[in-house]
Amino acid sequence: MKNIKEIRSDFPILNKEVYGKPLVYFDNGATTQKPQSVIDSVNEVLTSYNSNIHRGVHYLSDMSSEAYENARQKVASFINAGKKEEVIFTSGTTGSINTIAFSYGERYIKPGDEIIISYLEHHANIVPWQMLCERKGAVLKVIPMNENGGIIIEEYHKLLSSRTKLVSVTQVSNSLGTILPVSEIIRAAHSMNIPVLVDGAQGIQHGIVDVGAMDCDFYTFSGHKVYGPTGIGILYGKEKWLSELPPYQGGGDMVDKVTFEKTTYNQLPFKFEAGTMNYPGAIGLAAALDYVTAIGRENISLREKELLQYATEKMSAIDGLKIYGTSANKIPTISFLLKGIHQYDTGMILDKMGIAVRTGTHCAQPVMDYFGIDGTVRASVCFYNTSEEIDSLVAGIEKVKSMFA
Ligand code: PMP
């Protein structure tokens, strides 16, 4: 494996200074930085073979179409999908979840049906289902959470019934870092023939994805959270579902034959890819997955476990600092508050020291309501971060405290 110096030199932005201080980037939960290979691959598309995909017979169009379809195959292999036709390119996790909420909802949801989500969801896995429930007169059920930031799994089992038509849960909480027991959730739902969507926006970054082993029916993620470009994402779906579901959007490329009387749709995966797709993004995403594979998912996971342990130990020792999300099974995300100091003040002072953390509700307002707070400071760490950077954060927090003393 590359050493940490080599890894960091792969990411040009990590050498940056802000306010004359070395950048410490702890906002990986919101978006990750990009290695040079991803930047180069997008650059190469735009400078060497840019052309719309699946459209022309000319040389450049062939090249971009082939690279785009190769990217699809790469994603399929990375997540262990059965076939590449089960991989749909979208604009991101939000786009993917909305696709299923609309498409599955149109076909299968009737008044009185129930959809189960968890308390820990990002708004992207709450609001599309609420909109669907409003459209169809269906009911949203929520798996409750506990003080550690986990879900109460026994309550999930009680919620499942013949009225349940879909379960949609996050693999990892973005606000607290908790890893949810998705395999158990899927097994229980499948025993009652209920499909499950897993929101992998946070899981993918930490390499924990194997849709074959998980046996989920749908899996969604965003390129930008896994060291790839923004504006590109993935909707994985089992072929048996995707082939049955109606398309989400209509337009070019998703059609077979169009007349004013009737239109027939293209085969998978194109049925769900209307209009000009973000092919530079898709090709950049494939480069990102190549990068992650070259570093090694096991290596990433080991390194992140060490960083989590180090950060938790150091930060727990700070007087007046409370960590939200204390589950034993979590990614290196530390959500915290300092006693008597507003999260925005903490975040703004840390920023002046060159330390980028996220503040606010993290698009997970119900989680904040559960704890009776209006937000946290979130340091989301990933494999390119270092223990020295965690030391800088700890020193920064002490400085914040001293300023408010
Ligand atoms: N779900 C989770 C768990 C997330 O962390 C995020 C992004 N913070 C999303 C969904 C939405 O992702 P995007 O904004 O890339 O569509």
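Both counts, for ligands and for their atoms, begin at 1 and track the order of listing. Values below: every heavy atom of this structure, side chains too, minus hydrogens, waters and symmetry copies.
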Check: Hey, does Thr170 come in under 3.5 Å of ligand 1, counting only N/O atoms on both sides?
Finding: no
Margin query: Hydrogens and angles aside, do Tyr219 and Asp210 bring a side-chain donor and acceptor to less than 3.5 Å of each other?
Written below: no
Margin query: Please list, in number order, the atoms of ligand 1 under 4.0 Å from a heavy atom of Lys225.
Written below: 5 (O), 6 (C), 7 (C), 8 (N)
Margin query: Suppose I only count heavy atoms of His224 and a 4.0 Å limit; which atoms of ligand 1 are within that range?
Written below: 15 (O)
Note to self: Looking only at side-chain N and O atoms, does Asn125 offer a donor or acceptor that is under 3.5 Å from a partner on Ser168?
What the structure shows: yes
Item checked: Atoms of ligand 1, numbered as shown, that sit under 4.0 Å from any heavy atom of Ser222 -> 12 (O), 13 (P), 15 (O), 16 (O)
Notebook entry, point to check: Can you tell which part of Asp199 has a heavy atom less than 4.0 Å from ligand 1: side chain, backbone, both or neither?
Noted result: side chain
Notebook entry, point to check: Do the side chains of Phe78 and Ile204 get nearer than 4.5 Å, heavy atoms only?
Noted result: yes
Next item on the list: Would you kindly say whether Asn148 and Ser327 are connected by a side-chain donor-acceptor distance under 3.5 Å?
Entry: no
Checklist line | Verdict with reasoning, Phe383 to His206, per ring pair (Phe, Tyr, Trp, His ring centres under 6.0 Å) | finding: CA-CA 9 Å; Phe383 73 98; His206 304 280; 9.3 Å; no
Next item on the list: Considering only non-hydrogen protein atoms, determine which one is nearest to atom 14 (O) of ligand 1 and report residue, atom name and distance to 0.1 Å.
Entry: Thr94 OG1, 3.7 Å
Notebook entry, point to check: What part of His362 sits under 4.0 Å from ligand 1 if we count only heavy atoms: the side chain, the backbone, both or neither?
Noted result: neither
Notebook entry, point to check: Which residue holds the protein heavy atom closest to atom 5 (O) of ligand 1, what is that atom called, and what is the gap in Å?
Noted result: Gln202 NE2, 2.7 Å
Check: According to the interplanar angle, ranging from 0 to 90°, do the rings of Tyr384 and Tyr227 count as parallel (below 30°), tilted (30 to 60°) or perpendicular (above 60°)?
Finding: perpendicular
